[in-house]
Engineer: 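This is the structure I have questions about; it appears just below.
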Amino acid sequence: MNVSNKKRLFGLVAAVVVGMMAASCTDKASDNTSGSASAPAQAVAEEKVLNIYNWSDYIAPDTIANFEKETGIKVQYDVFDSNEILHAKLIAKNTGYDIVVPGSNWAKLQIDGGLFQKLDKTKLPNWKNLDEGILKKMAELDPGNTYLVDWMWSYNTVGINVDKVKAALGDTPMPDNAWDLVFNPTYTSKLKPCGITFLDTPADVFQAALHYLGKPIYTGTPDDYQAAFDLLMKVRPDIKKFNSGGQIDDLASGNTCVAYGWAGDFNLARKRSIENKAEQNIEALIPKTGGLLFMDTMAITADAKHPDNAHKFIDYVMRPEVAAANTNEVTYLTPNKAATAFIDDEIKNNKSIFLSDEDIAKLVPPGVEDAKTKRNMTRLYTKFKSGV
Ligand code: N2P
């Protein structure tokens, strides 16, 4: 991503902040400085253990092994598939995890809830490799870049198996707006036989449906959610399943032909399909009305037992070669400017990963629903999924 691309992305991300300020959180902010890695009580050496909770399929296969070999720290690396799952664990406290990777919008709520501890920058010499523009925009969510380091970023969109979709549509041409493939019954009814999947979270599904309806995706207006629900119910009979992390394998094996999900996972499905000789022609589409931007961020939990090891890992990930290896493996973008030189040309030339300025300008920035809206969304989502 060139510098001007980044500037435009950051312009969008800036808009997030306004939504953040209005966001509510169930937990009250608390003084967590006693748990801070910069607190003097760090004299006792930590046991050589680190517990990480990250999204599935989001790291190169040797990233953890190389860290363990180099440091002697044993890493327990667990995965999740939705911000909702991570958030529920965090607010219940005592997660047992040292590092977690929430979306930036959810992370803002979690910072306000006192669920994270401050980063100790003196333990992060590779901080210098991060892109200044990203840091600046992240600082609008996290003043002074106090708690968060971006892991990777991408956008929610529609992914397809090109050949299967063309065959299923027959004489019907591909729609001008890719979102039609998952929200317009004219298309979904034809695509049903080859398999449509949706992400399995209320927020992801309602945000996309609201966007398709031309509404702000963080509206708190009940009528808007009702309209989104009505839209979703029209395509419900055509949806084969709701899965998030599982979309990669379903697309890669040809089990499904259309998915509403994460652009990086669609490019990863294509890669995996080629590796497995399944040769499915999978593409992440860039809707003309824009995809939904997200940034996933590393944070150290307030009650982390191994904050020093957590800093070691975060600093290790900020090495250009390590950050680039992760991007080369999973096709999501790194905020590490120095990593660009190590990113494969195939990734750099893929327009659905390294977006054009025009496509970046169209990305819809993340925000947060208030607690009442979240409850309403969850209620409607449950009805939508059960189809009644
Ligand atoms: C990793 C997907 C993470 C994207 N496979 C959603 N935050």
Side-chain angles (χ1 to χ4, degrees), residues 9 12-13 16 52-61 63-64 77-90 97 99-110 134 138 141 148-159 197-208 211 217-218 242-253 256 259-273 275 282 284-286 291-299 317 323 325-335 347 350 352-353 355 363-369:
L9 166 67
L12 279 172
V13 175
V16 175
I52 302 176
Y53 198 39
N54 198 353
W55 297 80
S56 57
D57 291 292
Y58 223 15
I59 192 165
T63 301
I64 297 293
Y77 187 87
D78 295 336
V79 297
F80 59 89
D81 277 334
S82 79
N83 274 302
E84 283 86 344
I85 290 173
L86 171 59
H87 191 68
K89 273 199 202 294
L90 285 168
Y97 294 109
I99 296 177
V100 293
V101 189
S104 59
N105 45 351
W106 290 77
K108 171 66 181 163
L109 290 179
Q110 293 150 4
I134 287 186
M138 289 291 290
L141 311 174
L148 306 176
V149 185
D150 189 51
W151 171 266
M152 294 206 215
W153 67 273
S154 180
Y155 54 98
N156 288 20
T157 188
V158 178
T197 58
F198 269 44
L199 289 175
D200 190 11
T201 79
D204 283 294
V205 169
F206 272 89
Q207 287 159 12
H211 173 67
I217 71 169
Y218 297 98
F242 294 84
N243 59 0
S244 297
Q247 290 189 347
I248 299 171
D249 287 342
D250 275 343
L251 281 168
S253 61
T256 55
Y260 161 53
W262 306 307
D265 278 13
F266 300 147
N267 279 299
L268 184 51
R270 178 191 184 86
K271 201 172 148 221
R272 224 170 251 179
S273 165
E275 281 161 11
I282 298 153
L285 302 179
I286 307 169
L292 315 184
L293 173 70
F294 65 80
M295 303 175 87
D296 292 325
T297 58
M298 289 182 277
V317 167
N326 288 336
T327 285
N328 287 335
E329 175 67 26
V330 302
T331 74
Y332 282 86
L333 282 164
T334 170
I347 306 248
N350 183 326
S352 68
I353 303 175
L355 296 173
L363 289 175
V364 181
V368 180
E369 297 86 1

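We count ligands from 1, going down the list as the structure has it; atoms in each ligand are counted the same way.
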Engineer: Closest heavy-atom contact between T297 and A107?
Structural biologist: OG1-CB, 3.6 Å

Engineer: Tell me the contacting part of N83 for ligand 1: side chain, backbone, both, or neither, using a 4.0 Å heavy-atom threshold, strictly below.
Structural biologist: neither

Engineer: Drop me the distance from D265's CG to Y58's OH, to the nearest 0.5 angstrom.
Structural biologist: 8.5 Å

Engineer: Can a non-hydrogen atom of S56 be found less than 4.0 Å from any atom of ligand 1?
Structural biologist: yes

Engineer: Atoms of ligand 1 less than 4.0 Å from D296 heavy atoms?
Structural biologist: 3 (C), 4 (C), 6 (C), 7 (N)

Engineer: Under 4.0 Å from a heavy atom of D265: give me the atoms of ligand 1 that qualify, with their elements.
Structural biologist: 1 (C), 2 (C), 5 (N)

Engineer: Is it the case that N326 and T63 place a side-chain donor and acceptor less than 3.5 Å from each other?
Structural biologist: yes

Engineer: Can a donor-acceptor pair be found, under 3.5 Å and without considering hydrogens, that links the side chain of Y155 to the backbone of V364?
Structural biologist: no

Engineer: Heavy atoms only: give me the nearest Y53-L86 pair and the separation to one decimal.
Structural biologist: CD2-CD1, 3.6 Å

Engineer: So, regarding W262 and ligand 1 (criterion: nitrogen or oxygen to nitrogen or oxygen, under 3.5 Å), is there a contact or not?
Structural biologist: no

